[in-house]
Participant: 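I'd like to ask you about the structure that follows.
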Amino acid sequence: MSNISIPLLGLVDAAILGHLGSNRYLGAVAIGSALLSFLYWGFGFLRMGTTGLVARAVGADNSKQAQLILAQSVVLALVLASLVWLLHPLWLGIGFALMAPQSEVLGLAESYASIRISSAPAVLTTYAVVGWCIGRQDTRWPLLIVVSTNLCNIVLDVVFIIGLDMRSDGAALATVFSEYLGCAIAIFTVWRVYPQRPPRDLLPTLMRWSGYQHLLQANRHLFVRTICLLASLAFFTAAGDKLGGDILAANALLMQLLFVSAYAMDGFAFAAEGLSGQRLGGQDLAGFYQSVRRCGLWCAVTALVMSLLLLVFKAPLFDLLTDLDALRKLLDQYAWWLILMPLAAGPSYLLDGVFIGSAETRHMMVTMVISAALVYLPAWYFTQSWGNHGLWFAFFLFSAARGLTLYVSYLYLSHKNAWLKAS
């Protein structure tokens with residue numbers, strides 16, 4: 001429930017911007033969001049790595065270790081956020097140079113990204129706290145954090161974009177205020193569990209760099225894997241931009257709908273992270289396999305339901321997102337890719353959760369590199385004559401390849417009986 005509410009926020013942004021009479025505002029948010037997603041999701045290891053380590057600590061009944069991991073993750077989040085803020089003119093300039101958006105979109109995208117970057121401390125701190133919550137299998141508070149953030153964002157979208165006519169800048173400002181609200185709720189969540197003063201030995205441990213080596217080593221593979229994934233998404237956006245402003249805007253709207261199904265399936269992947277990590281931390285191999293099977297079943301059901309819903313309701317959804325005739329025709333033209341994508345991508349979401357929970361993240365990195373370099377880019381290169389259909393075809397194969405290669409790795413570790421060793 002918390003996951004599926006995340007893309008609904010982007011959907012509201014897209015729907016409001018898609019009715020402003022010009023696609024350049026929607027294109028600017030698509031470009032700016034792609035760069036910021038590349039940055040923020042690149043630090044997604046703060047959530048994923050925290051989840052796996054906390055889940056195994058909880059499974060081993062070591063609450064003190066779980067508290068230490070959370071504190072280290074928050075400190076690391078604040079250090080990284082400071083670096084992001086100090087260096088943002090440099091990496092934003094490089095990002096826009098690489099994506100090379102059209103001139104009428106560039107200025108708006110730069111302004112959007114410059115406003116959004118001020119929420120870096122809130123975003124990264126919330127990542128760490130949400131990872132800790134999922135590792136403890138306490139997912140009600142992440143639900144409250146995400147729903148509160150999104151509801152606030154929707155209200156402020158209406159105020160800033162429509163009421164104050166701030167357009168794409170209004171969308172950015174609304175997101176910044178909402179992300180700080182989410183961070184405040186995340187901090188309150190931690191205080192509920194640890195209302196007393198921290199242990200005396202916690203601060204000296206946090207001051208020692210050697211104490212972070214385990215956390216960083218556990219996440220280096222996740223960092224490379226996430227960068228490859230985000231580079232693939234950014235490439236999709238940039239390649240669509242080269243096909244024209246209308247294609248860029250249409251792909252942005254289709255991606256927002258795709259994210260709804262992706263986040264819904266990812267909810268069961270998050271469950272697999274916590275459940276598999278706790279089972280392996282408690283040396284319960286049979287329980288681990290049972291958790292994987294049950295999460296896999298629900299992920300498959302969700303993928304099928306999402307594809308059916310997109311098939312049945314695509315017309316009213318498209319009408320809701322935009323009233324521009326050119327965009328509406330393009331959405332109809334590429335709708336089948338949207339409908340098929342959940343079925344292709346579902347296995348990769350589930351198995352990501354299994355490998356994160358088990359700490360076998362090296363396989364995630366290797367399979368991602370293989371899928372991007374040996375499937376995605378060659379498929380796009382040889383189908384460029386198909387236009388946007390070729391781009392979607394390459395992205396479809398990339399998503400399917402991620403699931404297939406991860407499944408091969410899963411079978412390999414199961415055959416070697418290596419899951420408990422990994423944990």
Side-chain angles (χ1 to χ4, degrees), residues 38 41-42 44-45 48-49 51-52 218-236 258-259 261-263 265-273 275-277 280 288-289 291-293 295-300 302-304 306-307 337 340-383 390-419 421-423:
F38 190 92
W41 289 1
F45 64 82
M48 293 183 285
T51 295
N219 288 295
R220 65 187 186 275
H221 298 139
L222 289 171
F223 178 75
V224 175
R225 170 259 181 194
T226 304
I227 290 298
C228 290
L229 174 60
L230 296 175
S232 300
L233 293 172
F235 177 83
F236 183 90
L258 180 60
F259 285 158
S261 61
Y263 275 95
M265 291 182 286
D266 232 8
F268 295 104
F270 285 6
E273 291 177 24
L275 290 170
S276 62
L280 293 177
F288 165 75
Y289 285 123
S291 298
V292 174
R293 287 193 298 268
C295 290
L297 170 64
W298 282 104
C299 188
T302 305
L304 180 60
M306 285 295 167
S307 289
W337 294 115
L340 293 173
M341 281 297 298
L343 302 176
S348 67
Y349 299 138
L350 170 72
L351 291 170
D352 274 348
V354 174
F355 281 93
I356 290 169
S358 66
E360 272 292 343
T361 53
R362 182 173 62 88
H363 291 273
M364 296 175 63
M365 178 186 69
V366 173
T367 56
M368 178 63 72
V369 172
I370 290 173
S371 300
L374 301 183
V375 178
Y376 184 32
L377 293 180
W380 167 80
Y381 180 80
F382 288 109
T383 60
L391 181 60
W392 275 101
F393 175 70
F395 192 72
F396 177 87
L397 291 183
F398 166 66
S399 301
R402 285 179 55 203
L404 179 61
T405 51
L406 281 171
Y407 184 61
V408 170
S409 297
Y410 175 82
L411 293 178
Y412 172 78
L413 288 174
S414 299
H415 178 70
K416 293 290 186 179
N417 199 26
W419 289 110
K421 180 182 178 181
S423 178

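Both backbone and side-chain heavy atoms feed into the values below; hydrogens, waters and symmetry mates do not.
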Participant: Is the Trp380 ring parallel, tilted or perpendicular to the Phe235 ring (thresholds 30°, 60°)?
Facilitator: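 Trp380 and Phe235: perpendicular rings.
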Participant: Distance from Thr361 atom OG1 to Asp352 atom CG, nearest 0.5 Å?
Facilitator: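 CG of Asp352 is found 11.0 Å from OG1 of Thr361.
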Participant: Go through the steps to decide whether Met265 and Leu350 satisfy the test side chain to side chain contact (heavy atoms under 4.5 Å, CB included), and finish with yes or no.
Facilitator: CA-CA 7 Å; Met265 291 182 286; Leu350 170 72; over 6 Å; no
Participant: Looking at Val369 and Cys228, what are the two nearest heavy atoms and their distance?
Facilitator: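 Taking every non-hydrogen atom into account, CG2-SG, 3.8 Å.
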Participant: Atom OG in Ser232, atom CZ in Phe395: separation rounded to 0.5 Å?
Facilitator: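 That separation rounds to 7.5 Å.
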Participant: Quick one: are Leu397 and Phe393 in side-chain contact, heavy atoms under 4.5 Å?
Facilitator: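 SC-SC contact between Leu397 and Phe393 confirmed.
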Participant: Kindly indicate, with the supporting measurements, whether the criterion side chain to side chain contact (heavy atoms under 4.5 Å, CB included) is fulfilled by Phe398 and Leu229.
Facilitator: CA-CA 10 Å; Phe398 166 66; Leu229 174 60; 4.2 Å; yes
Participant: With under 30° as parallel and over 60° as perpendicular, where do the rings of Tyr410 and Phe288 fit, or are they tilted in between?
Facilitator: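 Answer is tilted, since the angle falls between 30° and 60°.
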Participant: Do the side chains of Leu406 and Met364 get nearer than 4.5 Å, heavy atoms only?
Facilitator: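 Yes, side chains in contact.
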Participant: Looking at every heavy atom in both Tyr407 and Leu351, which two are closest together, and how far apart are they?
Facilitator: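 Here Tyr407 and Leu351 meet closest at N-CD1, 3.5 Å.
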Participant: After noting the C-alpha distance and the side-chain angles of Trp419 and Val354, does the key distance pass the side chain to side chain contact (heavy atoms under 4.5 Å, CB included) rule?
Facilitator: CA-CA 10 Å; Trp419 289 110; Val354 174; 4.2 Å; yes
Participant: Locate the shortest heavy-atom distance separating Arg225 from Met368; write the atom from each residue and the value.
Facilitator: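 Closest approach of Arg225 to Met368, heavy atoms only: O-CG, 3.6 Å.
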Participant: To the nearest 0.5 Å, tell me how far Asp266 CG sits from Phe259 CZ.
Facilitator: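 Going from CG on Asp266 over to CZ on Phe259, the span is 11.0 Å.
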Participant: Distance from Leu343 atom CG to Phe396 atom CZ, nearest 0.5 Å?
Facilitator: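 Rounded to the nearest 0.5 Å, the CG-CZ separation comes out at 7.5 Å.
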Participant: Taking atom OH of Tyr289 as the centre, report whether more than 12 heavy atoms of other residues, nucleotides or ligands fall under 6.0 Å from it.
Facilitator: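 Atom OH in Tyr289 is crowded, with more than 12 foreign heavy atoms closer than 6.0 Å.
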Participant: Of all the heavy-atom pairs spanning Thr367 and Ser409, show the shortest one and how long it is.
Facilitator: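 Here Thr367 and Ser409 meet closest at CG2-OG, 3.8 Å.
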Participant: Work out which heavy atom in Met341 is nearest to a heavy atom in Ser399; give both atom names and the distance.
Facilitator: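 Nearest pair, atom of Met341 first, then Ser399: CE-OG, 3.2 Å.
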Participant: Which pair of non-hydrogen atoms, one from Ser371 and one from Val375, has the smallest distance, and what is that distance?
Facilitator: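 Of all heavy-atom pairs spanning Ser371 and Val375, the closest is O-CB, 3.1 Å.
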Participant: Output yes when a side-chain donor or acceptor of Ser348 lies under 3.5 Å from a complementary backbone atom of Ala345, and no otherwise.
Facilitator: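 Yes, because the side chain of Ser348 sits within donor-acceptor range (under 3.5 Å) of the backbone of Ala345.
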Participant: Please lay out, stage by stage, how Leu258 and Trp337 fare under the test side chain to side chain contact (heavy atoms under 4.5 Å, CB included).
Facilitator: CA-CA 10 Å; Leu258 180 60; Trp337 294 115; over 6 Å; no
